[in-house]
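First the structure, in the form of structure tokens, and then the observations on it.
We number each residue from 1, following the sequence as shown.
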Amino acid sequence: TEVTTKLGDRQTRSGTRNAAIFPFADGKFTIWTAPKQLYLEYEAETSPHDHFFIRVMEAMSFILGRRLGWNFVEEWRNGSKFLRARGVDQADVRNLPEPLRNSVRDVSENTWRLFADYLRFILPDDGGGLHPVSALLYQVYQARQGTIEAQALALGVAIEGLCKELFPLKPETETRLKGWISSLREHCDGWAGFQDEETYNALYQRLSGLLGTLLEVRTKDTLRTLVSQQAISEAHSKAWGKLRNPAAHAGLNPQSMQKLVDLCAANTVLLYNLIFKAIGYCGTYTDYSEHGHPTKQYGPSATGRPISDLAIQNT
């Protein structure tokens, strides 16, 4: 937007970058802002599914780090016009630090690349509710409105949920694991110690539950695998371990507030990196785990250095 101001013979001009236009699928997005309002327009050759506008809202929530709610939706489908309206203002007061904090979003294009990659990932879900990944993010956004202790717990739980949702066991791996556990159960059943009635009553039923937990992949194991793939950093993986259990079991030390803030920042970056890996995003992001919040590169690198360890110069 360019504004020209004339006062007598004097003329001044000022410009504001408040719109973005970019392709998506077989169509085009146009996004622009007005005071306290955000507008999105999508034009395409073919109509997306009926709940496309919900997925768009989720993708915008993701890049802005807050829960957003729609107020007015106008759709044209096959020559028919559909209108949805509601008067409730639904937007968080506080936000999670944005994945890419950029004062001019459309210069690098990475913000909109991230928006498109996330939308493309969640779009196959044609239901009227939130996509499972967005639902986990919304819990973190909601906790952001409260205390830092609530934020810490929400981050730890969300990362655990994302690992299960985004990186489940492959079917062949799960089948092989079930075979190993079945053999282990047979071996344990034959343990001579179970001939003693007291030992049997004390341990046998607990054994069944213990072996059952081996079928569940621990979040720690998933994170370790992703570290080996250079999808996340080892420091961020360890930060999750330092935050998750203390937050869940009232073990956070209120005397170490700065340490808690730093752990939340590291886990925020981990949360985003997990999603970047799942949606195939390659581009810049903001590393809140380092003081100064440098901009870094996520994705393949010609230098071969870890993808979450490449600082780039801010321009």
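Close placement of the Y42 and F52 rings is indicated, their centers lying within 6.0 Å of each other.
Counting heavy atoms from C-beta on, the side chains of T111 and F115 never come closer than 4.5 Å. Within the 4.5 Å cutoff, the side chain of L271 has heavy atoms near those of the L137 side chain. Within the 4.5 Å cutoff, the side chain of Y118 has heavy atoms near those of the V133 side chain. Using a 4.5 Å heavy-atom threshold, the side chains of Y272 and L100 count as separate. S80 has its side chain out of reach of N78: every pair of non-hydrogen atoms, C-beta onward, lies at least 4.5 Å apart. Inter-residue side-chain proximity for T286 and E98 is flagged as unmet; no heavy-atom pair is nearer than 4.5 Å. Side chains of D125 and R55 form a contact here, defined as non-hydrogen atoms less than 4.5 Å apart. For the pair F24 and L123, the minimum side-chain heavy-atom distance is below 4.5 Å.
Cluster membership check: W32 does not share its hydrophobic cluster with V56, using side-chain heavy-atom separations under 4.5 Å among Ile, Leu, Val, Met, Phe, Trp and Tyr. Cluster annotation: L119 and Y39 are assigned to distinct hydrophobic clusters (Ile/Leu/Val/Met/Phe/Trp/Tyr, side-chain heavy-atom contacts under 4.5 Å, transitive).
A donor-acceptor pair under 3.5 Å is absent between the side-chain atoms of H49 and the main chain of P124, judged by distance alone. Without hydrogens or angle criteria, Q205 side chain to N201 main chain gives no donor-acceptor distance under 3.5 Å.
Taking a 6.0 Å sphere around CD of Q37, one finds it holds more than 12 heavy atoms contributed by other residues, nucleotides or ligands. Open room surrounds CD on E234; 12 or fewer heavy atoms of other groups in view lie less than 6.0 Å from it. Counting non-hydrogen atoms of other residues, nucleotides and ligands closer than 6.0 Å to CZ of R77 gives a total above 12. Residue L83 qualifies as enclosed at atom CG: its count of foreign heavy atoms under 6.0 Å is above 12. Within 6.0 Å of the CD atom in E197, the count of heavy atoms belonging to other residues, nucleotides or ligands does not exceed 12.
Here the rule is side-chain contact (heavy atoms from CB on, under 4.5 Å) with Y288, and of P294, P99, P97 only P97 fits it.
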| said: Let's go through Q151 and R144 carefully: what are the C-alpha distance in whole Å and the side-chain angles of both, what is the deciding distance for side-chain hydrogen bond (donor to acceptor under 3.5 Å, both in side chains) to 0.1 Å, and is it a yes or a no? | reply: CA-CA 6 Å; Q151 297 170 34; R144 189 72 180 180; 3.1 Å; yes
| request: Please assess R224 against D221 for the test salt bridge (Lys or Arg N to Asp or Glu O under 4.0 Å), listing each intermediate value before the final yes or no. | output: CA-CA 5 Å; R224 186 180 296 115; D221 296 329; 2.9 Å; yes
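Taking both residues in full, the closest heavy atoms of I54 and G129 are given as CG2-O, 4.3 Å, listed atom of the first, atom of the second, then distance.
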